[in-house]
Trainee: 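Below is the structure I would like to discuss, written out as structure tokens.
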Number of protein chains: 2
Amino acid sequence: MKRARHATIYDIAAEAGVSIATVSRVLRGEPSVAPAKRERVENAIRLHNYRPSSAARKLAGTVTKTVGIVLPRLFNPYYAMLFTGAQEKAREMGYALSLFPWSSLDMESFDPALLLAERCLEGAVVYLEYLPPADKDRILHFLKRLKEFMNVAVIGCDLSEYGFPGIFINNAALALKIVRYLVSLGHERIALIGGSEEDTDPFRRDAGYLEGLREAQLPFTESYRVWGGDTPESGLLGLNGILDGLKPSFWPTAVIALNDLVALGCFSAAAAHGLSLPGDLSVIGCDNLVSAPYLAPPLTSVDLHQRRIGARAVEMVISGESGIEEAEWDIVVRGSCAPCPSRG
Amino acid sequence: MKRARHATIYDIAAEAGVSIATVSRVLRGEPSVAPAKRERVENAIRLHNYRPSSAARKLAGTVTKTVGIVLPRLFNPYYAMLFTGAQEKAREMGYALSLFPWSSLDMESFDPALLLAERCLEGAVVYLEYLPPADKDRILHFLKRLKEFMNVAVIGCDLSEYGFPGIFINNAALALKIVRYLVSLGHERIALIGGSEEDTDPFRRDAGYLEGLREAQLPFTESYRVWGGDTPESGLLGLNGILDGLKPSFWPTAVIALNDLVALGCFSAAAAHGLSLPGDLSVIGCDNLVSAPYLAPPLTSVDLHQRRIGARAVEMVISGESGIEEAEWDIVVRGSCAPCPSRG
DNA sequence: TTGTATAATGAAAGCGCTTTCAGAATCAGT
DNA sequence: ACTGATTCTGAAAGCGCTTTCATTATACAA
């Protein structure tokens, strides 16, 4: 490709008239270098604009100062924020972060090879929404194997029972809180849109949703629960499905969307059915995207503090912590949820 | 950290009873290996679940099969799409892609060190919205230096006059086309929101905007041109500024937003001023985010085909092409632009 | 057969750095 | 001035792989 040669540690050593060992020492900030030599080395480095090769360092060194993060579909801003938080913290701790994107959320293409190939990782944080029963063994095996070589933290779900530390999102508690909130607004017909039917996580949204219903002595209406992806389209399709299948008097008065994108899709579906928000229908999203406050009506959402999660996760990985933590979140109330119309 | 040892090429060689050279050969798919031995090696690899160390490969190899991409603020889905496209293409071509995020679009924190440290990159694609006059020399110098070591392609702006290949977005043509579109709808008071005042790129939005105005024999109204960032907030502030500073009879009837996020902010500002969209005000965005079709009204936007740009850029970098290309784009008409009310 | 071109293989030399390890230099203390 | 402790420093041995290069095995022709 290109032939220009980078300056190497030898060039610097020669320039400064010392051995490469000494150069290496000042590079890593060891104190045991005579001030005079240190300065000469530093000058040489500056002169040549020298940067040590990360590959060589990783190969030679015992600590590589690099961690990895595996994330699905980066174009969902949610993951991007997770990444950003991780990135910032890693940098702050003097680490490099390399990203391993997954092509799909469903575990199909879960390719451990990538991570494993990066022999030089000191740790990895992997995102896992939940443990899909079908791929459970495969994923667990991979994670276990990974753990032989580096620290790992999983974010998203709680895999502590398998010995994996990390940060999980208590979606059940979250859903419960949301249901309560909606109930407090007088809603009795609450729909839940999005999520995978095969998600059997104890902390899954459904659990909290159901509990909330029970708690408020509300019946569970099968048709109010629709599964789906995490895109606006899913939201549109999902809510349309509900609305089209029921006579208006049975329409839900509130919907809990998997995330803000899904919520947006619900906005569309509602509009298409002549429902005005939040007068006729309340909707609450999740993720608190930057656009949430600007929607019409401003979307009530829940802030998962993704950045903080990402940051905390790399912190755990780097310092080798082994606990499991529950992510904090807040419902940020904006204008998309209103008192139930029938009682308003 | 962890002490488990990865299998090395020596382990495999021993297991298969061949030399490491042979293992290396089958690893890289060289044909000159006896089928019998090849199979033994492959079995050994499978047995040990062996993965070559990327660090070692990079150090030893002449080709590293890795390219980098430097992108600002990943949480704007626009960049995430660029990345995704790049990622996919890289993978398709058997390359690894490493991401170097920039903390801010303004070049403040443009830190070449990161890239340079990754000695093992065969190429890099760097995103540059435009060449900020203030940092021009610094950036150019960095790019030049980078080019001594690897192929580089810049996406975003046209730096071909400095010898850098890449893909640029002809924002001028884009803006011109948009203005024409808006003019064809009867609009005569068209605002342009977002962008940096110090952008002097010949292909910048303003150029096309001005030309479009001239072409339609429309005056340039200073207060219709507001600068700003690329967030919804910028859009809100920007349009509010315009609206608040002018009596309604001078309000623009159409606004061109820097991107969809800014457009969304404009939606808010319009609503706050009692303007209904698109009846009273047309707005057009850019980037065609996944949420665009779901806004109310569905946002007319321009599709930059970011994925394609990302893909093409890594392609250029990998195959060492040196041309400059103009990105294609399409206006995707949805519901946020309507005929001008005053003549409707 | 014998000779020669061809294919397959391994030994060994790096790639650029980190890290013992032992020797050199410096510094107290007596 | 001499010893032992302390601080610096460089030689050298890897880290796990790729890549010559020379060697050996195999093929085919004469």
Side-chain angles (χ1 to χ4, degrees), chain A residues 1-41 44-45 48 50-66 96 116-122 149, chain B residues 1-41 44-45 48 50-66 96 116-122 149:
Chain A
M1 217 125 219
K2 282 296 163 61
R3 40 214 64 284
R5 212 180 68 87
H6 263 101
T8 72
I9 199 172
Y10 288 95
D11 300 321
I12 304 304
E15 176 80 32
V18 299
S19 74
I20 61 166
T22 299
V23 176
S24 178
R25 289 191 182 101
V26 347
L27 241 36
R28 275 165 308 115
E30 274 189 25
S32 60
V33 174
K37 295 207 176 185
R38 151 163 281 121
E39 183 153 350
R40 274 171 29 219
V41 170
I45 289 178
H48 290 278
Y50 165 77
R51 300 281 163 190
S53 145
S54 68
R57 291 190 103 142
K58 284 176 184 164
L59 186 54
T62 55
V63 303
T64 62
K65 295 274 189 184
T66 326
L116 256 10
E118 283 291 337
R119 197 70 63 72
C120 36
L121 261 27
E122 282 182 33
F149 298 104
Chain B
M1 222 124 218
K2 284 295 163 67
R3 40 213 65 283
R5 212 181 67 87
H6 265 101
T8 74
I9 199 172
Y10 288 95
D11 299 322
I12 305 304
E15 177 81 32
V18 299
S19 74
I20 61 166
T22 299
V23 176
S24 178
R25 289 191 181 100
V26 346
L27 242 36
R28 275 166 308 114
E30 274 189 25
S32 59
V33 174
K37 295 205 175 186
R38 150 163 283 124
E39 182 152 351
R40 274 172 28 220
V41 170
I45 289 179
H48 290 279
Y50 165 77
R51 300 283 164 189
S53 145
S54 68
R57 293 190 102 144
K58 286 177 183 161
L59 222 209
T62 55
V63 303
T64 62
K65 296 275 190 183
T66 325
L116 255 11
E118 282 293 336
R119 197 71 62 70
C120 35
L121 261 28
E122 281 182 35
F149 298 104

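Sequence lines set the chain letters: A, B, ... in the order given, protein chains first and strands last, and positions in each chain run from 1. Not measured: the values here are computed from a predicted model.
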Trainee: I need the full list of salt bridge (Lys or Arg N to Asp or Glu O under 4.0 Å) pairs touching residues 55-64 of chain B, with sequence neighbours left out, sorted by first then second residue.
Mentor: none
Trainee: Nucleotide range of DNA chain C contacted by chain B, 5' to 3', under 4.0 Å to a heavy atom?
Mentor: C/dA8 to C/dC17
Trainee: Apply side-chain hydrogen bond (donor to acceptor under 3.5 Å, both in side chains) to A/S54 and list each qualifying residue two or more places apart in sequence or on a separate chain.
Mentor: B/E118
Trainee: Under 4.0 Å from any atom of DNA chain C, heavy atoms only: list the residues of residues 9-22 of chain A that qualify, in numerical order.
Mentor: A/I9, A/Y10, A/I20, A/A21
Trainee: Could you tell me which residues satisfy salt bridge (charged side-chain N to carboxylate O under 4.0 Å, His left out) with B/E30, sequence neighbours excluded, listed by chain and number?
Mentor: B/R25, B/R28
Trainee: Contacts to DNA chain C from residues 25-40 of chain A, heavy-atom cutoff under 4.0 Å, which residues?
Mentor: A/R25, A/R28
Trainee: Take the C1' atoms of the five end pairs on each side of the helix from C/dT1-D/dA30 to C/dT30-D/dA1, derive the two axes, and give their angle rounded to 10 degrees.
Mentor: 40°
Trainee: Tabulated below should be each protein N or O lying under 3.5 Å from an N or O of nucleotides 22-24 of chain D; please produce it.
Mentor:
none

Trainee: Please identify each residue that fulfils side-chain hydrogen bond (donor to acceptor under 3.5 Å, both in side chains) with B/T64, with sequence neighbours left out.
Mentor: none
Trainee: For a quick test of reading the model, state the closest non-hydrogen atom pair linking A/A56 to B/L59 and the distance between them.
Mentor: CA-CG, 3.9 Å
Trainee: Can you list everything that forms a side chain to side chain contact (heavy atoms under 4.5 Å, CB included) with B/A60? Sequence neighbours excluded, please.
Mentor: none
Trainee: Which heavy atom in A/R38 sits nearest to a heavy atom in A/V33, and how many Å separate them?
Mentor: NH1-O, 3.6 Å
Trainee: Name all residues meeting the salt bridge (charged side-chain N to carboxylate O under 4.0 Å, His left out) criterion together with A/R40; count only those two or more places apart in sequence or in a different chain, and write none if there are none.
Mentor: none
Trainee: Restricting to side chain to side chain contact (heavy atoms under 4.5 Å, CB included), what partner residues turn up for B/I12, sequence neighbours left out?
Mentor: B/V23, B/V41, B/A44, B/I45, B/H48, B/Y50
